[in-house]
Each structure stands twice: as C-alpha cells, then as structure tokens.
Chemist: 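One structure is given below, represented as structure tokens, and several questions about it will come after.
We count residues from 1, following the sequence as given.
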Amino acid sequence: MSGLSRRAFVGFAAATAACAGVGTVAKACAGKGGLLRPPGGQDEGALLASCVKCDRCRSACPTGVVAVGHVEDGFLQARTPVLDFRKGYCDFCGLCQRACPTGALGAFDPARDKLGVAVVQKDRCIAYYQGCVVCVDACPYEAISLDEASHPVIDATACNGCGACEKACPALVYRSFAGGTRRGIVVVAPERFAHGGKTAVEDESEMMA
C-alpha cells in the first residue's frame, strides 16, 4: 500500500470512528425519549430549556409521584422531573407547577391534556390468571372497564395518565415474577402510546422488565 493510500485509509478510519463517537454521544444526550413528565412538562424541548434541576417540584409533590430522571434516560434528562407511578399517583393538585421557579412546568388541563395512557400488561395482569378489579376501582376517571372475560380494557380517550391504576396494581404482591418491577398495568407517555399500539406496549414491557 502506497504512503498516500495508507494515509487516506488511516484518515478514513479516523473519520469513521469520530462519526461513531459523535453518534454515540448524541444518542446518550438525547436519551430514549418518551419519559413521563409532571403536569405542564409535556413539551420536552421547553422543559429541557427551562428546567434548572432545582428539585422543588419533587419536594412539593404530596403524593410522592414526582421523581428525577437518571443518566440512562439521557444526559440532558438526568435530574429533570419524571413521574414514578410505582411510588405515587398524580392528583393534578398543581403544587409542582407552582413550585417551579422557571415555568418549565407550564399550563395543564387534565380534562384535555394527558400525562400518558395506561396499558395492560397481559403477562403480569392478575385478571388474566384469577379475578382482580383493583385497577378498575382505582381509576377516578372510569377509564377502565372489564370485557366479557373479566379482563381490564382501557378507554384511551378517557384516560389521562394519572397513574392511580399502576400505583394500586397488586401484581407484585399476589404473584411472584422472575425479576423486574413491572406491574399488570403501566402508564406510558402519549408519544410512546401513539407510536403504535402493541409496539408501544411491548417497548414499555422491555423497558420496565
């Protein structure tokens, strides 16, 4: 291989590695997307631009549902507010929004806007193995009903993602599962749900397993 060809090859290899590195960093910065945000934080770009990661929203939350993102969610998303329905649920009290000093959590109307949409995880749902109506009783919006087989069905138009169903789900109490913390019903972000029905559910199952 001539000196020129060798230099060209080395340069091409270096450029390829650099591009791969940039892609990896960009992906890490962007995160996996589809995070569940507190009321008023649904505009991801506006939230990331305004949030100073002061943690006041989490401190103000009376139900304990507001948590913070982790590095695995993306470098930009780390320490920004997220919702963890394994710890609490959202009653739309507005305290997190009022506590936010920068307006990163803006206006939100629970009658019109959605935190997310609940989806049933058939492999974890107790109703698919024995009788259970806990999520139906827990839903304050009557967005969950039972079909003819007594399996829960979600009305996506009525559900606003408050997470009361996921918080109340007793799947991990009454059934033993091999690893993971995923319950029989979980709330996914609107964009994840809209991404494609079953695909959204399967993606969330893999993420939370």
Side-chain angles (χ1 to χ4, degrees), residues 23-97 99-110 112-121 124 143 154 156 159-167 169 180-183 185-209:
T24 301
V25 171
K27 184 176 181 180
C29 288
K32 60 192 174 185
L35 295 179
L36 290 161
R37 299 297 193 179
Q42 282 59 54
D43 185 333
E44 188 73 7
L47 183 144
L48 293 177
S50 302
C51 180
V52 294
K53 306 181 181 181
C54 66
D55 216 24
R56 293 183 185 179
C57 54
R58 180 168 66 155
S59 298
C61 180
T63 68
V65 69
V66 178
V68 294
H70 301 288
V71 173
E72 54 265 32
D73 295 319
F75 292 142
L76 296 179
Q77 287 81 0
R79 300 299 303 174
T80 59
V82 296
L83 298 177
D84 186 347
F85 293 128
R86 291 169 293 180
K87 298 179 179 179
Y89 64 95
C90 184
D91 60 3
F92 305 103
C93 65
L95 291 178
C96 62
Q97 293 160 284
C100 179
T102 65
L105 299 180
F108 186 91
D109 181 357
R112 180 191 68 239
D113 305 320
K114 291 181 181 290
L115 299 178
V117 180
V119 290
V120 177
Q121 309 293 283
R124 301 263 173 154
I154 312 299
C159 175
N160 61 8
C162 73
C165 56
E166 182 175 344
K167 176 65 171 64
C169 178
T181 58
R182 185 165 48 89
R183 298 183 177 180
I185 188 168
V186 299
V187 177
V188 301
E191 60 269 30
R192 186 178 291 272
F193 180 81
H195 181 63
K198 291 183 179 180
T199 301
V201 177
E202 291 166 357
D203 288 347
E204 191 71 10
S205 297
E206 293 175 0
M207 182 180 72
M208 302 186 67

Chemist: Who pairs with Asp91 by side chain to side chain donor-acceptor pair (under 3.5 Å), at least two apart in sequence or on another chain?
Modeler: none
Chemist: So, do Leu36 and Val187 sit near enough that their side-chain heavy atoms are less than 4.5 Å apart?
Modeler: yes
Chemist: How far apart are the closest heavy atoms of Leu48 and Leu76, and which atoms are they?
Modeler: CD2-O, 3.7 Å
Chemist: Taking all atoms of both residues into account, what is the closest heavy-atom pair of Pro190 and Gly116, and its distance?
Modeler: CD-CA, 3.6 Å
Chemist: Which pair of heavy atoms, one from Cys165 and one from Ala118, lies closest together, and at what distance?
Modeler: SG-CB, 3.9 Å
Chemist: Do Phe193 and Lys114 make a side-chain contact, defined as non-hydrogen atoms from C-beta onward lying under 4.5 Å apart?
Modeler: no
Chemist: Tell me, please, which residues at least two apart from Gln97 pass side chain to side chain donor-acceptor pair (under 3.5 Å).
Modeler: none
Chemist: Would you indicate whether the side-chain heavy atoms of Arg124 and Arg183 approach each other to under 4.5 Å?
Modeler: no
Chemist: Run the side chain to side chain contact (heavy atoms under 4.5 Å, CB included) check on Val119 and Ile154 step by step: do they pass?
Modeler: CA-CA 7 Å; Val119 290; Ile154 312 299; 5.8 Å; no
Chemist: Could you work out, with side-chain contact (heavy atoms from CB on, under 4.5 Å) as the rule, every residue matching Lys53, not counting sequence neighbours?
Modeler: Cys51, Arg79, Thr80
Chemist: Is there a donor-acceptor contact under 3.5 Å linking the side chains of Arg182 and Gln121?
Modeler: yes
Chemist: Would you list the atom pairs, donor with acceptor, under 3.5 Å between side chains in residues 56-70 and any protein atom, with sequence neighbours excluded?
Modeler:
residue: Arg58; atom: NE; partner: Asp55; partner atom: OD1; Å: 3.1
residue: Arg58; atom: NE; partner: Asp55; partner atom: OD2; Å: 3.3
residue: Arg58; atom: NH2; partner: Asp55; partner atom: OD2; Å: 2.8
residue: Ser59; atom: OG; partner: Asp55; partner atom: O; Å: 3.2
residue: Thr63; atom: OG1; partner: Tyr89; partner atom: O; Å: 2.5

Chemist: Can you find a heavy atom in the side chain of Leu115 that is under 4.5 Å from one in the side chain of Gln42?
Modeler: yes
Chemist: Identify, with sequence neighbours excluded, every residue that meets side-chain contact (heavy atoms from CB on, under 4.5 Å) alongside Cys162.
Modeler: Phe92, Pro140, Tyr141, Asn160, Ala164
Chemist: Taking Pro81's backbone N and O only, do any of them form a donor-acceptor pair with Arg37's side chain (distance below 3.5 Å, no angle check)?
Modeler: yes
Chemist: In chain order, what residues pass the side-chain contact (heavy atoms from CB on, under 4.5 Å) check against Ala46, with sequence neighbours excluded?
Modeler: Asp43
Chemist: Rounded at 0.5 Å granularity, tell me how far NZ in Lys87 sits from NZ in Lys167.
Modeler: 11.5 Å
Chemist: Could you check if a side-chain atom of Pro39 sits within less than 4.5 angstrom of a side-chain atom of Leu105, using non-hydrogen atoms only?
Modeler: no
